[in-house]
Amino acid sequence: MAGCDMCGKERELVDAIVEGAVVQVCLDCSKHGSVVAINQPVVDKKIEFQKELESKPEYVDVIVEDFYKKIKGARERKSLNQEDLAQALAEKESVIHQLETGKLKPSFRLAKKLAVFLNIDLIESVESNKNIKKDVNLKSESVTIGDLLKK
Ligand SMILES: [Zn+2]
């Protein structure tokens, strides 16, 4: 084993930067004020990894805000009335009416049916970074990085 570049002791060495130069120093010397250890302790790595994980955008599917406009517009482009659309989708006419007036937000199942039939996008992916952080915080303190990775 090579010796420490600073004190010369033959011990476990870590890569560090001292006054701009990359050196190998022992753990004692790596704690010296002017030494910047390149290999951070494992704990720090975990924290950085977790930060990276949290800042990575996550996406969730949601129904678009203007779904009612899109449904009505697409239906009219197809020259269908609400009854026609209801029959085509095997839904009640009242459901179509409520959808187009924005009183009823479609379920994902219905939104997909409408999207395919009318050839429109009713589902969009949005970033949910904040929500996910919140979820994690609400859970017990036993949440580990392993648990986060399973998601
Ligand atoms: Zn040393």
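Counting starts at 1 for both ligands and their atoms, following the listed order. Along the sequence shown, the residues carry numbers beginning at 1.
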Could you enumerate the protein N, O or S atoms under 2.8 Å from the Zn ion (ligand 1), written like residue then atom name? C4 SG, C7 SG, C26 SG, C29 SG

Qualifying salt bridge (Lys or Arg N to Asp or Glu O under 4.0 Å) pairs, either residue in residues 112-125, two or more places apart: E91-K113

Roughly how far, to the nearest 0.5 Å, is the CD1 atom of I96 from the CD atom of Q87? 10.5 Å

Tell me if a side-chain donor or acceptor on N81 pairs with a main-chain N or O of D84 at a distance below 3.5 Å. yes

Report the residues that fulfil side chain to side chain contact (heavy atoms under 4.5 Å, CB included) with A115, sequence neighbours left out, ordered by chain and then residue number. none

In a table with atom names and distances, give each donor-acceptor pair under 3.5 Å that connects a side chain of residues 2-9 to protein atoms at least two apart or in another chain.
{"residue": "D5", "atom": "OD2", "partner": "Q24", "partner atom": "N", "Å": "2.9"}

For atom CD of E76, is the number of surrounding heavy atoms from other residues, nucleotides or ligands below 6.0 Å larger than 12? yes

